[in-house]
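We count residues from 1, following the sequence as given.
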Amino acid sequence: GMGLEEAMASGTPIISTLTGSIPEVLGDAAMLIPPGDFAMLADNVIKLMEDRLLREELCRKGRERAERMYDADRVSGEFARVLKEI
């Protein structure tokens with residue numbers, strides 16, 4: 001279940017679907033499309049291929065989001081803090 005976080009951390013531009021918790025995990029660090037919208041998927045793949053600045057922006061945003069929200073040291077520290085409060 002960590003595939004999206006790993007993709008962001010590796011600086012990979014992401015296209016995913018608007019289902020489940022995917023929008024919350026990815027935030028504005030990805031291109032999100034409705035499930036089954038193959039035409040929009042194709043359009044977004046072409047956009048990424050043709051627009052270097054868009055690719056770089058998504059890669060940067062994904063990496064920053066992964067570091068800010070899914071860093072193992074930060075998450076474990078937050079978890080320990082919550083357990084101490086309990």
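Of the possible polar contacts, none joining the Arg65 side chain to the Met8 backbone as a donor-acceptor pair under 3.5 Å is found.
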Show every donor-acceptor pair shorter than 3.5 Å between a side-chain atom in residues 24-33 and any protein atom, with sequence neighbours excluded, or say none if there are none.
{"residue": "Asp28", "atom": "OD2", "partner": "Lys61", "partner atom": "NZ", "Å": "3.4"}

Exercise answer: donor-acceptor pairs, residues 11-20 side-chain atoms, under 3.5 Å, sequence neighbours excluded:
{"residue": "Thr12", "atom": "OG1", "partner": "Ser10", "partner atom": "OG", "Å": "2.8"}
{"residue": "Thr17", "atom": "OG1", "partner": "Thr19", "partner atom": "OG1", "Å": "3.0"}

Which donor-acceptor pairs under 3.5 Å do side chains of residues 74-85 form with protein atoms, sequence neighbours excluded?
{"residue": "Arg74", "atom": "NE", "partner": "Arg68", "partner atom": "O", "Å": "2.7"}
{"residue": "Arg74", "atom": "NH2", "partner": "Met69", "partner atom": "O", "Å": "2.8"}
{"residue": "Ser76", "atom": "OG", "partner": "Ala72", "partner atom": "O", "Å": "3.0"}
{"residue": "Ser76", "atom": "OG", "partner": "Asp73", "partner atom": "O", "Å": "3.1"}
{"residue": "Glu78", "atom": "OE1", "partner": "Arg81", "partner atom": "NE", "Å": "3.4"}
{"residue": "Glu78", "atom": "OE2", "partner": "Arg81", "partner atom": "NE", "Å": "3.3"}
{"residue": "Glu78", "atom": "OE2", "partner": "Arg81", "partner atom": "NH2", "Å": "2.3"}
{"residue": "Arg81", "atom": "NH1", "partner": "Glu85", "partner atom": "OE2", "Å": "2.3"}

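Put simply, the side chain of Asp51 does not reach to within 4.5 Å of the side chain of Arg55, judged on heavy atoms.
Remark: Glu64 engages Arg60 in a side-chain hydrogen bond (donor to acceptor under 3.5 Å, both in side chains) (not counting sequence neighbours). Among residues two or more places apart in sequence or in another chain, the side-chain hydrogen bond (donor to acceptor under 3.5 Å, both in side chains) test is passed with Arg63 by Glu67. Scored by the salt bridge (charged side-chain N to carboxylate O under 4.0 Å, His left out) test, Arg52 finds Glu56 as partners (sequence neighbours excluded).
Listed by first and then second residue, the salt bridge (charged side-chain N to carboxylate O under 4.0 Å, His left out) pairs that reach into residues 32-44 come to none, sequence neighbours excluded.
Under the 4.5 Å side-chain heavy-atom criterion for Ile, Leu, Val, Met, Phe, Trp and Tyr, Leu41 and Leu58 are members of the same hydrophobic cluster.
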